[in-house]
Each structure stands twice: as C-alpha cells, then as structure tokens.
Amino acid sequence: MAAAEEFFPGIARIQYEPSAGPGDVLCFKHYNADEVLMGRTMEDWLRFSVCYWHSFCGTGADPFGFQTLHRPWNEGTPMESAKKRLHAAFEFFTKLGVKYYTFHDRDMAPEGSTLEESNKNLDEITDLALQLQNQTGVKVLWVTCNLFAHPRYMNGAATNPDCHVLAYAGAQVKKGLDVAKKLGAENFVFWGGREGFLSIHNTDVAAELNHMAAFFKMAVKYKEKIGAKFQFLIEPKPKEPCRHQYDYDAMSVIGFLKHYGLDSHFKLNIEPNHTTLAGHSYEHDIVMASAFGMLGSVDSNTGSPDLGWDTDQFPMDIRNVTMVMKTIIEQGGLQPGGLNFDAKVRRESTDLEDLFIAHVGAMDAFARGLRNAVRIIEDGIVSEMMKKRYSSFSHGFGLKVVEGSSSLEDMEAFIKQNGEPKITSGKQEKYELIFNHYI
Ligand code: XLS
Ligand code: NI
Ligand code: NI
C-alpha cells in the first residue's frame, strides 16, 4: 500500500482460526473464505462489503449528543481528510479480507459550493480510489448519490415540488453514474430517504410518483448511453427521515416498478432493519423480493425490535442470517449484489478495534448462517415437507390451476364430485423444531 501512515497499528490481517477460544475476537472462527460449499467458495456466496458512510464517516453524534468517535483520518482540510480516509478504508478492507465497498458520492469527497466544484473534488478523490482498488484488488459493490443531506433536498429530490431541485438531483446522479462506471461498480443504488412526505395536506402524491418514475427513466437512459453494465437497485424503507416514504417495502417498490414499466431495469437492495421498521419480520422482504426474482443485494444489518428507528446494528443473530442465506442459496446467489454491512458501531464503542470486531462478528455470523443453510438444503427434509404440502398442485385439477386452464365452473364440478376437503395440519411447530436443529 502506498499509504505512509498506518491507521490500525497492531491489527494484522484477520485469519481463520477455527479452534480459537471465546475471548479471541480478532480472528474468524467460521468464515473460511476459500472453503467450498455447494460448489462455491464462502467468499463467493457471501460477497461481503464494507460501507463507507458509517465505518469511515460516522462520528457517533446523535440528536442528543456530540461526537464520540474521534478517528485519526479526520484531520486537515476536507480534501486532505478525504484522502486520509480513503487510505484508512483500504487498509481496513485489506486487513479484514473483504473484497467490496460501497459509498455515497458525498462521503467519498466533500460537496463544493457549485456542482462543478463538487464534481472536481469527486474526480480527484476517485482517481486515488481507482489507484487503491488496482493495488489491492478491492472493488466497488455499489455507488449511490446522497440526495437527502443537503438543505436543497429537504422536500425531496426526485419528488421535490420544485423541478429546479429535481434538476440538481439529476445532475448529481449523472455524475454519480459516471463515477460508478469509472470505478467499475457492480451496482448502483437509489435510496429515497426524502422521497415521500410529512404531510398529505401539501403533497400531490400522484404528481410526485410520476416525477420519480420520469427521473428513473432518465437514469436508465443515461446508463445505456454511457454503456454502463451495473445493476440498478432501489432500497425500500418505510419512513425516517420522511414520515411516509414511497419506497415503503419490497412489495410497494415492485408494484411501483411494474406500474411504470421499469421492472426490467431495477432490482431491490433489501435492508432488514428497514423491513422490520415496515412492521414485517426480519427476513420478510428478502423472501418477497426473491420470490419475484428482484432480490439484487442486501444491506446487512439489524435493528433493535424494541426501538422504532433504523439503529443499523451489525447482524449477529444466527437465526436471522440463516434464513437470509437459505433464501440467497435458493435463488442461486446474490451476484452482482452482495452483503453490504450498512451498520455502525455504537457511539459508545469508541475503540478503533471495535470497527474490526463488529465486522468480524457479523462475517462470522453470516458464515454460520451459510453453513446452516447449506445443511438445511442438502438434507432436504424441509424441502420434502414443503413439496408434500403443495403436492395437490402437481397433478389433476391442481395442475390445471397452475397452468391457468381451470375455471370457476371446473371448481364447482370438482367440489360436487369430491365434496369437503380434508383437514390437513400445517405443522408449524415441526418446521420450527427442525429449523432449530440446524442452528
Ligand atoms: C438509510 C439507508 C442508506 C442507504 C444508502 O437508512 O440505509 O444508508 O443504504 O443511501
Ligand atoms: Ni442501507
Ligand atoms: Ni438504513
């Protein structure tokens, strides 16, 4: 590495040490990158990614308290610290052994006082990013534009009532797409934090949704024009900072995309903490998006079920990650998406090593989830039970339903001939018990 300064002294490359004890936290006990499971390496199934905004820009400040995390890379002018931050980040990726990272345009380089200045800053810092990517082999999982922090976006970006603001967002996304192409990003994310409303009284919902669709169509067109190959992803979230966000959950986004004929151009980036904010179970949107062939990537984190906001904690719950990995294996993997840790260390976790411990813990949790899911799938007990549960649709009248060749008249005739269906147990507890066997 070209970095003169070491930001994480005393921490070496994290190794796989399966027999390490409970107190050994700077090693993997389960994640063995090169180990092959069901025909693929663990690294390939998991496609881990570190996020820039929480891990390298996070300060620990919350609405009630000041900065608690003082990082050695936050020194000098904004451009100087942007460069230091990049070196620190690449040292971190390499020591952790993660091959992907994600960032917002504005966490990579500071916003200037004009669009031209912001773009110039971005060009300079992404030149360095490209150099570090080439040196280390670390790649960009996705890029996104920050269309929510600047005051101009307080009433939304693509759904702003003022088309001047929409134009600014468009200009920013144009540059974001260029940057994503320059760095070889594999995906590009849209998260609409302020695409929604606080009050229905001042909001023309139909107009705003039309504008948002028009905005996405322009992005699709520009992506095609520059010949970029990355996958577009929309990240649903029901609220925060808006009271109501249009991209509420997986099914709302899928409905929106299909309504506007955009579904072949986008997939979904599902963040489980957003899913639980929408009132669903942890794995709900991952399963729903996957069922529609729309699960593109995962912002791997977790919330506190007793709190009503996006706490962005590192995913450590083995049951949850086993469910996620089972869905991912069943759909044949996440590529070109990945498991991006959109998670932050607590503001009380102030040591630099806590950043490593958090990622190591989450990666090991996912490695266990992967191993568990592989056993569930390879044993085939659950899938056999499921197959049996739906077996009436594999022949006769059920098959006609599946093929779309039955009618209500057929159903009436079927019932007249066969009478009352028999009561069949759903066996929920049996499924739960078997699932627990694997975790
Ligand atoms: C916020 C979102 C955000 C997106 C990227 O809640 O998770 O961090 O992932 O803009
Ligand atoms: Ni996210
Ligand atoms: Ni989030």
Side-chain angles (χ1 to χ4, degrees), residues 47-59 62-63 100-108 111 140-150 153 156-159 169 172-173 176-177 179-180 185-196 212 215-216 219 230-250 252-253 266-280 282 284-286 289 295-305 307-315 324 334 337-346 362:
R47 295 175 60 84
F48 290 129
S49 161
V50 172
C51 92
Y52 214 75
W53 53 101
H54 288 312
S55 292
F56 298 98
C57 306
T59 65
D62 73 8
Y100 288 97
Y101 73 111
T102 56
F103 65 92
H104 298 84
D105 48 0
R106 302 299 181 238
D107 13 275
M108 174 68 70
E111 178 145 17
V140 178
L141 185 70
W142 52 258
V143 174
T144 188
C145 286
N146 184 325
L147 302 175
F148 45 88
H150 193 281
Y153 296 127
T159 62
Q172 197 179 324
V173 165
L177 296 172
V179 162
E186 300 190 15
N187 304 267
F188 189 93
V189 164
F190 294 88
W191 171 63
R194 297 195 193 270
E195 312 296 17
M212 189 159 85
F215 189 86
F216 285 139
F230 41 73
Q231 172 70 52
F232 272 163
L233 301 168
I234 293 184
E235 183 176 327
K237 187 177 183 181
K239 56 186 167 190
E240 195 204 20
C242 272
R243 178 177 171 204
H244 174 82
Q245 279 169 219
Y246 294 126
D247 300 329
Y248 194 90
D249 60 1
S252 317
V253 176
F266 288 82
K267 285 190 175 180
L268 272 52
N269 179 38
I270 299 295
E271 181 168 318
N273 199 165
H274 298 177
T275 308
T276 51
L277 275 183
H280 304 305
Y282 187 90
H284 179 275
D285 273 10
I286 294 205
L295 178 64
S297 202
V298 177
D299 262 7
S300 284
N301 67 6
T302 193
S304 284
L307 296 177
W309 64 92
D310 201 10
T311 56
D312 290 331
Q313 290 162 236
F314 281 84
V324 171
L334 261 188
L339 299 174
N340 174 51
F341 293 119
D342 188 352
K344 59 184 179 220
V345 289
R346 299 303 86 194

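Computed from a predicted model, the values in this text were never measured in an experiment. Remember, it's 1-based here, ligands and their atoms both numbered in the order they're listed.
- Between F48 and F341, the ring planes are parallel. Angles under 30° get that label, and only those over 60° would be called perpendicular.
- No side-chain donor from either of T302 and Q313 sits under 3.5 Å from a side-chain acceptor of the other.
- Here A169 pairs with L147, Y153, A157, F215 under the side chain to side chain contact (heavy atoms under 4.5 Å, CB included) rule; sequence neighbours left out.
- Of all protein atoms, those of element N, O or S that lie under 2.8 Å from the Ni ion (ligand 3) number 3.
- The side-chain contact (heavy atoms from CB on, under 4.5 Å) with E271 is formed by just one residue from the set V298, T276, L277, D312; it is D312.
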One line per pair, note the atom names and distance for all nitrogen or oxygen contacts under 3.5 Å between ligand 1 and the protein.
| residue | atom | partner | partner atom | Å |
| --- | --- | --- | --- | --- |
| ligand 1 | 6 (O) | K237 | NZ | 2.9 |
| ligand 1 | 6 (O) | H274 | NE2 | 3.1 |
| ligand 1 | 6 (O) | D310 | OD2 | 2.8 |
| ligand 1 | 7 (O) | E235 | OE2 | 2.7 |
| ligand 1 | 7 (O) | E271 | OE1 | 2.7 |
| ligand 1 | 7 (O) | H274 | NE2 | 3.3 |
| ligand 1 | 7 (O) | D342 | OD2 | 2.8 |
| ligand 1 | 8 (O) | W53 | NE1 | 3.4 |
| ligand 1 | 8 (O) | D342 | OD2 | 3.1 |
| ligand 1 | 9 (O) | E235 | OE1 | 2.7 |
| ligand 1 | 9 (O) | E235 | OE2 | 2.9 |
| ligand 1 | 9 (O) | D299 | OD2 | 2.9 |
| ligand 1 | 9 (O) | D342 | OD2 | 3.0 |
| ligand 1 | 10 (O) | H104 | NE2 | 2.7 |

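- The side chain to side chain contact (heavy atoms under 4.5 Å, CB included) test applied to A180 returns V143, A185, F188, F230, not counting sequence neighbours.
- With contacts defined as side-chain heavy-atom distances shorter than 4.5 Å, the pair V179/F103 qualifies.
- At a cut-off of 3.5 Å, with distance as the only test, no side-chain donor of D247 or W191 sits close to an acceptor on the other residue.
- Taking the six-membered ring for Trp and thresholds of 30 and 60 degrees, F232 and F190 have ring planes more than 60 degrees apart, a perpendicular arrangement.
- Here the closest heavy-atom approach between residue G176 and residue C145 is recorded as CA-SG, 3.9 Å.
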